[in-house]
Amino acid sequence: LAAWTILVPTRRAARELQEKLLVESGKSALVLPQIRPIGDLDEEILEAQQSLIGLPDAISDIGREFALLALIDEWVLKNPQLRLAQELAGAPQQVQGLATSLAELIDVMETEEVSLARLPEAYLIDLAVHREAILSLFNLVNKELPSLLMAENLMGAKERRSRLIRLEAKRLIENPPSGPVIAAGSTGTIPATRELLKAISNLENGAVILPGLDQEMDAKSWDAVSPQHPQYAIKQLVEAIGVERQEVLQLGTGS
């Protein structure tokens, strides 16, 4: 078992699996597989890859919040003619809320690997009276904050996580481990994770265990599954791996 690697969605799932294996063994001690969350990667292993060298550290959540607060305060001073800037000037709590909202926006875009440079596309949406101000604030996210991070040799935590996950996928492809690698319970909700799961599925000793794939749904309904449907994430994963839904084996049946 020590040669096996099992990737699960969370640290809690890793602990529960360790406990379950020990209970099922009926022993007081057991040499366990390497069980870890899918995003908790061993950077020492990845250091062997040239592409990781120089990868900046991630800015902390609190560090990013302070940076955004400072940038917003600066923006308020530079734009006294804007109504939003006037409102923020006398309301520190609103500045805090705005910084939190911008941080959440950054997290989503980094996780989905959508370039911050696409924020100007917001011109296509209706932002009512604060339209000009919000579009101006977007420059803090796609220009000023990245410049600040670059100067400090830092990067966003979600972006760094995705980069590491992709590096792990690359490592597995280029240097396949001798022991089995199993990814269990992840639906691959983010692009980088889907790439890693695809790499694992293509290993000679690799397997991906899909949680809750609906194999009873008819083909027409499956094709119509949209982002609002609970099967959408796993549908994306199956398509990314490159298999047909009917090719997925029921666990334990061998057929």
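- Taking CG of N142 as the start and CE of M109 as the end, the distance is 8.5 Å to the nearest 0.5 Å.
- Residues passing the side chain to side chain contact (heavy atoms under 4.5 Å, CB included) test with I59 are R64, L149, L154, sequence neighbours excluded.
- Under the 4.5 Å side-chain heavy-atom criterion for Ile, Leu, Val, Met, Phe, Trp and Tyr, V108 and L145 are members of distinct hydrophobic clusters.
- Contact annotation: the side chain of F138 approaches that of L105 to within less than 4.5 Å [non-hydrogen atoms, C-beta and beyond].
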message: Quick one, R194 with T189, criterion side chain to side chain contact (heavy atoms under 4.5 Å, CB included). Give me CA distance, side-chain angles, the key distance, then yes/no.
response: CA-CA 7 Å; R194 289 196 290 272; T189 53; 5.7 Å; no
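- Side-chain contact check for Q34 versus L7: every heavy-atom pair is 4.5 Å or farther apart.
- In this structure, K27 NZ and L21 CG are separated by 12.0 Å, a value rounded to the nearest 0.5 Å.
- Once rounded to the nearest 0.5 Å, the distance linking CD of E113 with CZ of R163 reads 10.0 Å.
- Between the side chain of E110 and the backbone N or O of D107, no donor-acceptor pair lies under 3.5 Å.
- Using modelled atom types, one side-chain atom of R160 and one backbone atom of P56 make a donor-acceptor pair closer than 3.5 Å.
- Interatomic distance, CD of E168 versus CD1 of I38, reported as 9.5 Å (0.5 Å rounding).
- The shortest side-chain heavy-atom distance between I165 and S162 does not fall under the 4.5 Å cut-off.
- The CG atom of L148 sits 6.0 Å away from the CG atom of L71 when rounded to the nearest 0.5 Å.
- In this structure, V225 and K235 approach most closely via the heavy-atom pair O-NZ, 3.5 Å.
- I106 and M150 sit in two unconnected hydrophobic clusters of ILVMFWY residues. Membership requires side-chain heavy atoms under 4.5 Å apart, directly or through other members.
- Annotation: W222, atom CH2; neighbour count of heavy atoms from other residues, nucleotides and ligands within 6.0 Å is above 12.
- At least one donor-acceptor pair under 3.5 Å links the side chain of Q231 to the backbone N or O of D214.
- Using a 4.5 Å heavy-atom cutoff, the side chains of S186 and V8 are not in contact.
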Can you give each donor-acceptor pair under 3.5 Å made by side-chain atoms of residues 196-204, sequence neighbours left out, with the distance rounded to 0.1 Å?
unit_1	atom_1	unit_2	atom_2	d
S201	OG	K198	O	2.7
N202	ND2	K198	O	3.2

field: Stepwise side chain to side chain contact (heavy atoms under 4.5 Å, CB included) test for L84 and N79
entry: CA-CA 9 Å; L84 180 58; N79 297 275; over 6 Å; no
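- Residues L98 and L88 meet the side-chain proximity criterion, which asks for heavy atoms closer than 4.5 Å.
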task: Determine, stepwise, if the pair V238 / L213 fulfils side chain to side chain contact (heavy atoms under 4.5 Å, CB included).
output: CA-CA 9 Å; V238 170; L213 175 64; 4.3 Å; yes
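- Listed here is the closest heavy atom pair of A184 and P9: O-CD, 3.3 Å.
- The two atoms that bring T187 and P211 nearest to each other are CG2-CG, 3.7 Å, heavy atoms only.
- Between E87 atom CD and L82 atom CG the span is 10.5 Å, to the nearest 0.5 Å.
- The closest donor-acceptor contact from the side chain of R245 to the backbone of M217 lies under 3.5 Å.
- For the residue pair I234 and G212, the shortest heavy atom distance occurs at CD1-C, 4.4 Å.
- E112 places no side-chain N or O within 3.5 Å of a backbone atom of I190 that could act as its donor or acceptor partner.
- Hydrophobic clustering (side-chain heavy atoms under 4.5 Å, transitive across Ile, Leu, Val, Met, Phe, Trp, Tyr) keeps L68 apart from L77.
- Placement of L164 and I173 in two distinct hydrophobic clusters is found when ILVMFWY residues are connected by side-chain heavy-atom separations under 4.5 Å, directly or transitively.
- By the criterion of side-chain heavy atoms lying less than 4.5 angstrom apart, applied directly or through intervening Ile, Leu, Val, Met, Phe, Trp or Tyr residues, I62 is grouped together with V95 in one hydrophobic cluster.
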message: Does T5 form a side chain to side chain contact (heavy atoms under 4.5 Å, CB included) with I182? I'd like the steps, not just the answer.
response: CA-CA 6 Å; T5 299; I182 299 173; over 6 Å; no
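- Nearest heavy-atom pair, S178 versus N205, reported as atom, atom and distance to 0.1 Å: O-ND2, 3.2 Å.
- For the pair V76 and A85, the tightest heavy-atom approach, listed with the atom from each and the gap, is CG1-O, 3.5 Å.
- Contact check on K20 versus E16 returns no salt bridge, with no Lys/Arg side-chain nitrogen under 4.0 Å from an Asp/Glu carboxylate oxygen.
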- request: Apply side chain to side chain donor-acceptor pair (under 3.5 Å) to the pair Q250 and Q215, showing each step before the final yes or no.
  value: CA-CA 9 Å; Q250 287 286 341; Q215 293 182 292; 2.5 Å; yes
